[in-house]
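Whatever order the structure lists ligands and atoms in, that order sets their numbers, starting from 1.
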Amino acid sequence: MRKPLVAGNWKMNKTVTESVALIKELLDFIDGYQKTEVVICPPFTSLWVARELIQDTSIILGAQNIHYQNEGAYTGEISARMLQNIGCSYVIVGHSERRDYFKESSEVVARKAEQSLNFGIKPIICVGEKLVDRETGKTREVVKEELEAVFAILKAKEMANVVFAYEPIWAIGTGKSATPQDANEIIKYIRALIEDKYNETIAQKIRILYGGSVNQENISSLMAESDIDGALVGGVSLQAMPFSKLVKFQQL
Ligand code: PEP
């Protein structure tokens, strides 16, 4: 049985002061809720204060990016050791905004995932197609290419600590979610590729999230699907009450 996971990606939002306010509200609503694993991914500047507020609570800390080198002359970058030291248990890698705006290749994304695992941080590896890919029937091809770069680097025992997020790019921040059936179909395909490359036990154990305009209205139908194990949430994660409702989707 895979425990549902809801991760909030705050992106480049929230000052330290605003982060404190949001986390305090979140704690009021969801601290101690055990049915869903909850991860928040604030910007780097708020990680420390977030860690101070959520240690000894049920909310888990994640980051939004990582560099694949250990340390050194990489101005502006953040290493796995730094994230480990600040208390991050998860890190998002390969978000489409990073692949697109910062030209991160699938190979770089895979190396980031590997580096995070080296430091005991679980990567949430994002994959997903652009609208043009979907319209030209290339969804599976795009997702497969992104996954194969990861498969080329990660060994079976590392895969146990990986989370994937299927995020069709046309659904991110647009208010236009994939249908639960379409999302489930691609997530099942991802699981089948994992099984082909590794084995059935690993494929059944790995959590695969859906991301793209998840909200209070669509979370229940998404979570009712066989293979959707949770959600990676952007916009809605910036407000405590609606995000908490997603976390407690079992009660909707
Ligand atoms: C995201 O950024 O990963 C995302 C899914 O955003 P939103 O929920 O706003 O579509």
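With salt bridges taken as basic N to acidic carboxylate O contacts below 4.0 Å, none links Glu195 and Arg191. Checked for salt-bridge contact, Lys24 and Asp31 miss the test: no charged N lies under 4.0 Å from a carboxylate O.
Formation of a donor-acceptor pair under 3.5 Å by the Asp100 side chain with backbone atoms of Glu97 is not found in this model.
With Tyr189 as the aromatic partner, Arg140 meets the cation-pi criteria of under 6.0 angstrom to the ring centre and within 45 degrees of the ring axis.
The two residues Tyr33 and Val247 come nearest to each other via the heavy atoms CE2-O, 3.6 Å.
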side-chain hydrogen bond (donor to acceptor under 3.5 Å, both in side chains) between Asn184 and Gln181, worked out = CA-CA 5 Å; Asn184 196 49; Gln181 296 72 26; over 6 Å; no

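Near ligand 1, Asn9, Lys11, His95, Glu167, Ala171, Ile172, Gly173, Gly211, Gly212, Ser213, Leu232, Val233, Gly234, Gly235 each place a heavy atom less than 4.0 angstrom from the ligand.
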